[in-house]
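To start, the structure under review is shown below, and the notes come after it.
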Amino acid sequence: MPRTLVKDALAATAPNEAIFLQGWVRTRRDAKAFSFIELNDGSCLKGLQIIIDATLPDYANVSRANTGASVEVHGKLVESKGQGQKWEVVAEKFTVLGEADATYPLQKKGHTLEFLREIAHLRPRSNLFGAVFRVRSRLAYAVHQFFQEKDFYYVHTPIITASDAEGAGDMFRVTTLDVGNPPKTEEGAVDSTKDFFGKKTFLTVSGQLEGEIFATALSNIYTFGPTFRAENSHTSRHAAEFWMIEPEVAFCDLQGDMALAEEFVKHLIRDAKEHCAADLEFFSKFVDKDLLARLDFVLEKPFVRCSYTEAVEILNQSGKTWEHSVAWGDNLQSEHERYLTEEHFKCPVTVYNYPRAIKAFYMRVNDGCAPDRQTVAAMDLLVPGIGEIIGGSQREERLDLLKAGMALHHLDEKNYWWYLDLRRYGTVPHAGFGLGFERMLMFVTGVANIRDVIPFARTPGTAEF
RNA sequence: UGCCCGAUAGCUCAGUGGCAGAGCAGGUGACUGUUAAUCACUUGGUCGUAGGUUCGACCCCUACUCGGGCAGCCA
């Protein structure tokens with residue numbers, strides 16, 4: 001007999017004389033003449049109630065069906081006589097496949113998120129993490145759906161790379177050299193020409209530069225894959241390994257880029273609300289009471305657009321005392337970003353046109369708007385509770401100005417010869433952005449720590465699973 | 001990397017310079033429809049590690065380890 005998933009059994013429209021289910025015991029409640037078991041198979045948040053009568057030959061198995069045990073049930077799907085559920089299963093055959101004894105760490109009690117991180121191999125069996133990872137799966141699908149339906153092509157940019165998208169930032173080194181005894185040059189330095197690729201290589205920090213190659217061929221592309229930062233960050237919103245979505249659009253300027261970012265974020269929220277309603281309700285009840293209201297609010301309101309120069313004025317006229325003062329030319333600090341999105345505008349804010357000196361070399365220099373040639377066409381999308389969720393820009397398509405940007409950032413043109421070629425041959429205005437997938441999940445679920453929206457978090461000092 | 005907080009039963013947490021506590025989980029029993037069932041009884045401890053102060057340290061001090069928060073860096 002084919003297995004029925006719990007989510008399908010719960011959605012039944014009529015009783016079923018013969019049904020077969022498999023899953024894990026969440027809780028068992030014994031009475032004198034029968035036992036109730038709540039069966040969960042991960043297909044949805046809710047479990048299905050199983051009733052096993054004490055007169056059943058298999059009733060002897062029930063005492064071994066503790067929380068966490070894997071079981072299978074043949075029986076009838078009937079309307080429940082009790083409150084709290086529409087359907088339940090009256091067991092006819094009940095088997096315990098794998099017991100879970102008293103050492104099973106996941107109790108039917110509240111656990112701290114910190115404890116659950118230590119049992120990352122078991123936490124997907126909890127309500128919270130089951131919901132988080134169902135939403136994660138659905139949103140990954142929605143990412144592809146959004147771009148595919150807009151005629152964007154999905155490009156697989158390399159994980160191992162010899163280029164550094166920012167010219168800064170710590171990267172993980174990829175090598176097959178014997179770290180204890182590497183080959184040396186005559187000067188005594190490690191000889192990377194003897195390494196696997198004949199040069200220094202790293203785990204990618206961004207697929208953007210390679211994405212630009214494909215945007216200047218296929219017009220609209222996106223990447224969606226893992227990225228790596230070897231930064232020693234100890235915060236609730238940084239991980240050493242995370243997933244990023246990076247669209248790149250040819251014949252597009254910063255305005256178009258900001259519009260795409262807003263449409264994309266709203267699409268993901270709308271999709272989660274439509275397809276993960278039960279899970280979002282759970283988050284709203286147990287994680288963040290304001291979640292659903294906030295998501296609705298974000299869907300309804302246009303995102304505020306605010307130039308960097310305006311933002312600095314707002315911050316200086318706020319009357320607030322800042323830990324870090326703000327002068328034109330300074331980077332906006334977390335406290336400033338949070339004030340803009342959480343207190344001043346109280347909605348997502350796109351800050352654009354940042355000072356040239358504090359942004360990456362590939363961002364397009366603004367001319368024709370004050371202060372002339374001092375800003376670049378960059379934008380950051382800030383959301384309440386998280387801060388920066390998207391960073392993007394129009395790219396510098398003019399060869400001479402791109403070279404000047406590289407000189408400003410002390411980058412060697414030789415390492416970027418292929419990137420410069422894109423400007424030598426058929427260059428076009430183009431723009432793109434990067435969305436941190438985990439940060440988006442934090443925003444959609446209300447879960448406050450990035451370690452809890454990725455299956456196996458990689459943070460400094462932690463790579464157990 | 002800097003600053004701050006924490007570590008007590010399997011889990012969540014109280015606790016006081018002088019006999020180590022509760023709830024849940026586990027065990028035993030009760031209960032004819034439960035909903036993290038309920039009720040009674042019950043097992044369970046190197047108080048993170050190493051030093052120090054003290055007649056006496058889970059408690060005070062120092063270092064270390066681990067976890068967490070904030071900041072920086074960013075997505």
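By convention in this document, chain letters (A, B, ...) are assigned in the order of the sequence lines, proteins followed by strands, and residues within each chain are numbered from 1. As the structure is a prediction and not an experimental result, all values here were calculated from the model.
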Please, what dot-bracket string fits RNA chain B when only Watson-Crick and G-U pairs with both distances under 3.5 Å count, crossing ones use [ ] and pairs to another strand use |? (((((((..((((....[..)))).(((((.......))))).....(((((..]....))))))))))))....
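In this structure the side chain of Leu435(A) never reaches within 4.5 angstrom of the side chain of Met244(A), judged on heavy atoms. Residues Pro348(A) and Val298(A) are in side-chain contact: their nearest non-hydrogen atoms beyond the backbone lie under 4.5 Å apart. Inter-residue side-chain proximity for Phe437(A) and Val143(A) is flagged as met; some heavy-atom pair is nearer than 4.5 Å. You'll find the side chain of Glu337(A) reaches within 4.5 Å of the side chain of Glu388(A), heavy atoms only.
His238(A) comes within 4.0 angstrom of a base, heavy atoms only. Heavy atoms of Glu88(A) sit under 4.0 angstrom from at least one base atom. In this structure, Ser35(A) reaches neither bases nor backbone, as no heavy-atom distance under 4.0 Å exists between it and the strands shown. Within 4.0 Å (heavy atoms only), Arg451(A) reaches sugar-phosphate atoms of the nucleic acid but no base atom. Base contact: Ile450(A) has a heavy atom under 4.0 Å from a base atom. Within 4.0 Å (heavy atoms only), Ala33(A) reaches no atom of the nucleic acid at all. When heavy atoms are screened at a 4.0 angstrom cut-off, Asp30(A) is found touching base atoms of the nucleic acid. Residue Thr67(A) is classed as having no contact, given no heavy-atom separation below 4.0 Å to the nucleic acid. Within 4.0 Å (heavy atoms only), Gln49(A) reaches at least one base atom of the nucleic acid.
A distance of about 29 Å separates the P atoms of G72(B) and C13(B), rounded to the whole Å. Taking the P atom of each, G48(B) and U12(B) are spaced 15 Å apart, rounded to whole Å. One P atom belongs to A14(B), the other to G56(B), and the distance between them is 30 Å to the nearest Å. Taking atom C1' on both nucleotides, A20(B) is separated from U8(B) by 9 Å, rounded to a whole Å. Comparing the C1' positions of C58(B) and G27(B) gives a spacing of 29 Å, expressed to the nearest Å. Nucleotides C61(B) and G21(B), compared at atom P, are 25 Å apart to the nearest Å. Going from the C1' atom of A63(B) to that of G23(B) covers 36 Å, rounded to whole Å. When the P atom is used for both U42(B) and C5(B), the distance is 41 Å, rounded to whole Å.
We find that Glu438(A) and Arg136(A) are joined by a salt bridge, their nearest charged nitrogen and carboxylate oxygen being less than 4.0 Å apart. We find that Arg229(A) and Asp170(A) are not joined by a salt bridge, their nearest charged nitrogen and carboxylate oxygen being 4.0 Å or further apart.
Rounding to whole angstrom units, NE2 of residue His234(A) and C1' of G72(B) are separated by 12 Å. Lys108(A) has its NZ atom 17 Å from the P atom of G23(B), to the nearest Å. We find that CD1 of Ile52(A) is positioned 13 Å from C1' of U34(B), with the value rounded to whole Å. Arg29(A) places its CZ atom 15 Å from the C1' atom of U32(B), with the value rounded to the nearest Å. Spacing between atom CZ of Arg28(A) and atom C1' of U38(B) amounts to 15 Å, rounded to whole angstrom units. Distance Asn331(A) CG to A71(B) C1': 14 Å, rounded to the nearest Å. In this structure, Leu203(A) atom CG and C74(B) atom P are separated by 20 Å, rounded to whole Å.
Side-chain N/O atoms of Ser236(A) include one lying less than 4.0 angstrom from OP1 or OP2 on C70(B). OP1 or OP2 of U12(B) sits under 4.0 Å from a side-chain N or O of Thr112(A). The side chain of Thr462(A) places an N or O atom within less than 4.0 Å of a non-bridging phosphate oxygen (OP1 or OP2) of G67(B).
The ring of Tyr153(A) has its center no closer than 6.0 angstrom to the ring center of Phe147(A).
Picking from A75(B), G10(B), A71(B) the nucleotide with the shortest atom distance to the side chain of Glu388(A) gives A75(B). Comparing U12(B), C73(B), U32(B) by their closest approach to the side chain of Glu231(A) singles out C73(B). Of the candidates G33(B), G10(B), A75(B), the closest approach to any side-chain atom of Arg439(A) belongs to A75(B). Of the listed nucleotides (U34(B), A71(B), C11(B)), A71(B) has the atom at the smallest distance from the side chain of Gln333(A). The side chain of Arg237(A) approaches C73(B) more closely than any other nucleotide in the set A75(B), G69(B), C73(B). For Ser334(A), taking side-chain heavy atoms from C-beta onward, the closest of the listed nucleotides C74(B), A75(B), U12(B) is C74(B). Ranking U32(B), A71(B), C11(B) by closeness to the Lys32(A) side chain, first place goes to U32(B).
Glu88(A) and Ser80(A) form a side-chain donor-acceptor contact under 3.5 Å, judged by distance and modelled atom types alone.
Under the 3.5 Å distance criterion, the side-chain polar atoms of Asp58(A) are matched with a main-chain donor or acceptor of Phe94(A). Arg26(A) places a side-chain N or O within donor-acceptor distance of the main-chain N or O of Arg125(A), the cut-off being under 3.5 Å.
Between the base of C73(B) and the side chain of Ser233(A) there is a donor-acceptor pair shorter than 3.5 Å. Evaluation of atom-type donor-acceptor distances gives no pair under 3.5 Å for the side chain of Glu38(A) against the base of U34(B).
Remark on RNA chain B: of its neighbouring residues Trp243(A) and Glu323(A), the 5'-side contact belongs to Glu323(A), judged by nearest-heavy-atom nucleotide. Looking at which nucleotide of RNA chain B each of Gly84(A) and Asn232(A) is closest to, the 5′-most match is held by Asn232(A).
The cationic group of Lys346(A) does not satisfy the cation-pi geometry with Phe297(A), failing either the under 6.0 Å distance to the six-membered ring centre or the 45° limit from the ring axis.
Classified by its glycosidic torsion, C59(B) falls in the anti category, the angle being over 90° from 0.
How far CG of Asp452(A) is from CG of Leu113(A): 4.5 Å, rounded to the nearest 0.5 Å. Once rounded to the nearest 0.5 Å, the distance linking CZ of Phe228(A) with CE of Met171(A) reads 10.5 Å.
An aromatic stacking contact between Phe34(A) and the base of G33(B) is absent, as defined here by ring centres under 5.5 Å apart and ring planes under 30° from parallel.
Listed by residue number, the members of residues 113-143 of chain A with any heavy atom below 4.0 angstrom from RNA chain B are Glu114(A), Phe115(A), Arg117(A).
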